[in-house]
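What follows is a single structure, written as structure tokens, with notes after it.
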Amino acid sequence: MKLSYLKLDAKRHMMSNTLSCFAVSLLPFLVFSFLVVCNYYLLFFLKKTLADIFLVVFVSVMSCLFSFCLWKCVCLVKEKYFLIKVNNKNVRFLKVAGSISYKQYVRFIKISVLKILLSLSWSAVYFLPCIVVAFLLVYSYRYENYGVNVNLILFVASIVLFVVGSAHFFVTLKRYSMCSAIILTDKHKDPLEIIAESISLMENHSVEYSFYCLSFVGWIISCIFLIPIFYALPFINMSKWCYMENINRVETSVTDNEKPIIFYIQKRKEV
């Protein structure tokens, strides 16, 4: 299916549901902001009441971990909500939250932590050449006198390496985009299996999905005027899940159409 058709499909699913989809899309941002404010004032309160700095740090870290888990649970509910909406089903937010099992919440949190670690690892791989060249540029400019041409070459090289690294980093992370769908639809228990399954499903789709996500840059920029955000935010989420469901349908049809290869050796006739 063409990407433009997926966006039209997303608009069709949003008909008469824009307000509810916007509320669900905005909820993770509101929860995140609320938790950040709560943790800030909690830290301020602990500094005023507790004299032991280690106890302050421990309580603050535990509060941040709890906030992260709570925020991720809300994000998973949002993902499940749009997954059901894409399948043309009426759904209520509280009912969605109750339909997700405790194990699915835990898996999603584990996957989120693994994705953060993988993001840090890939960023080190893709941005290390840029950092090295930038360091050489600073060293050459401050401590050596190699001339304008050398400094210009190093500057251009660092910019090119940053752009190339950012592009590869962006595409690489799209390989993990199917993790939420797998958690909500399959019965995988091991987070590594979920990540491996996501990479398998996004094989030959990562670049296409990256361009698909970049096509919403105009909508994201328009949100600085606040008014378009009421439509843009749910539209982007719905379009994302339309793409995910399209990949699932394609993979399912390919699997169903595969025929077993049977080798039949005809018995030799005696003359």
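All figures in this text were calculated on a predicted structure; none of them were measured in a lab.
- Using a distance-only test at 3.5 Å, with no hydrogens or angles considered, a donor-acceptor pair links the side chain of Gln104 to the main chain of Ser101.
- Side-chain atoms of Leu114 and Leu192, non-hydrogen and from C-beta on, do get closer than 4.5 Å to each other.
- Phe170 and Ile199 fall into different hydrophobic clusters, defined by Ile, Leu, Val, Met, Phe, Trp and Tyr side-chain heavy atoms under 4.5 Å apart, directly or through other members.
- Between Glu197 and Met178 the shortest side-chain heavy-atom distance does not fall below 4.5 Å.
- In this structure, the side chains of Leu214 and Val217 come closer than 4.5 Å at one or more pairs of heavy atoms.
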(Q) For a side-chain contact (heavy atoms from CB on, under 4.5 Å) check, start with the C-alpha distance between Tyr209 and Ile247, then their side-chain angles and the critical distance, and finish with the verdict. (A) CA-CA 10 Å; Tyr209 184 55; Ile247 290 181; 5.9 Å; no
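- Atoms SG and CD1, on Cys21 and Ile236 in that order, are 13.0 Å from each other to the nearest 0.5 Å.
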Q | Check against side-chain contact (heavy atoms from CB on, under 4.5 Å), Ile182 and Leu201 | A | CA-CA 10 Å; Ile182 297 171; Leu201 289 173; 4.0 Å; yes
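- Linking ILVMFWY residues whenever their side-chain heavy atoms come closer than 4.5 Å, directly or via other members, places Val156 and Val164 in the same cluster.
- Put simply, the side chain of Leu27 does not reach to within 4.5 Å of the side chain of Cys75, judged on heavy atoms.
- Residues Ser60 and Val56 have side chains in contact (heavy-atom distance under 4.5 Å, counting atoms from C-beta outward).
- Under the 4.5 Å side-chain heavy-atom criterion for grouping Ile, Leu, Val, Met, Phe, Trp and Tyr, Val61 is connected to Phe54 within one hydrophobic cluster.
- Here Phe29 pairs with nothing under the ring pair (Phe, Tyr, Trp, His ring centres under 6.0 Å) rule; sequence neighbours left out.
- Atoms CG and OH, from Asn237 and Tyr81 in turn, are 11.0 Å apart once rounded to the nearest 0.5 Å.
- Judged as a ring pair (Phe, Tyr, Trp, His ring centres under 6.0 Å), the pairs with a partner in residues 98-140 (not counting sequence neighbours) are, in order, Trp122-Tyr126, Tyr126-His168, Phe127-Phe162, Phe127-Phe169, Tyr139-Tyr143.
- In this structure a side-chain-to-backbone donor-acceptor pair under 3.5 Å is missing from Ser140 to Leu136.
- Under the 30°/60° scheme for interplanar angles, the aromatic rings of Trp71 and Phe32 are found to be tilted.
- In this structure, Tyr40 and Leu43 have side chains that are not in contact, with every pair of non-hydrogen atoms separated by 4.5 Å or more.
- At distances below 3.5 Å, not a single donor-acceptor pair connects side-chain atoms of Ser198 with backbone N or O atoms of Ile195.
- Using a 4.5 Å heavy-atom cutoff, the side chains of Ser215 and Lys7 are in contact.
- Heavy atoms of other residues, nucleotides or ligands lying less than 6.0 angstrom from NZ of Lys72 number more than 12.
- Screening Ile84, Val77, Leu76 for a side-chain contact (heavy atoms from CB on, under 4.5 Å) with Lys80, the sole residue that qualifies is Ile84.
- In terms of hydrophobic clustering, with Ile, Leu, Val, Met, Phe, Trp and Tyr side chains grouped at heavy-atom distances under 4.5 Å, Ile111 and Ile116 are assigned to a common cluster.
- A donor-acceptor pair is defined here as one N or O able to donate and one able to accept, closer than 3.5 Å; such a pair exists between the side chain of Ser123 and the backbone of Leu120.
- Among Ile53, Val59, Leu55, the single residue meeting the side-chain contact (heavy atoms from CB on, under 4.5 Å) criterion with Leu46 is Val59.
- One N or O on the side chain of Ser20 and one on the backbone of Asn17 form a donor-acceptor pair closer than 3.5 Å.
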**Q.** Pair Lys240-Glu79, salt bridge (Lys or Arg N to Asp or Glu O under 4.0 Å): steps then yes or no
**A.** CA-CA 10 Å; Lys240 166 194 169 182; Glu79 303 284 8; 3.1 Å; yes
Q: May I have the step-by-step check of ring pair (Phe, Tyr, Trp, His ring centres under 6.0 Å) for Tyr231 and Phe22, ending in yes or no?
A: CA-CA 7 Å; Tyr231 181 83; Phe22 169 73; over 10 Å; no
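- No chain of hydrophobic side-chain contacts below 4.5 Å, direct or via other Ile, Leu, Val, Met, Phe, Trp or Tyr residues, connects Ile183 to Val106.
- Lys85 is not listed as a side-chain neighbour of Trp241, based on a closest heavy-atom distance of 4.5 Å or more.
- Without hydrogens or angle criteria, Ser222 side chain to Trp219 main chain gives a donor-acceptor distance under 3.5 Å.
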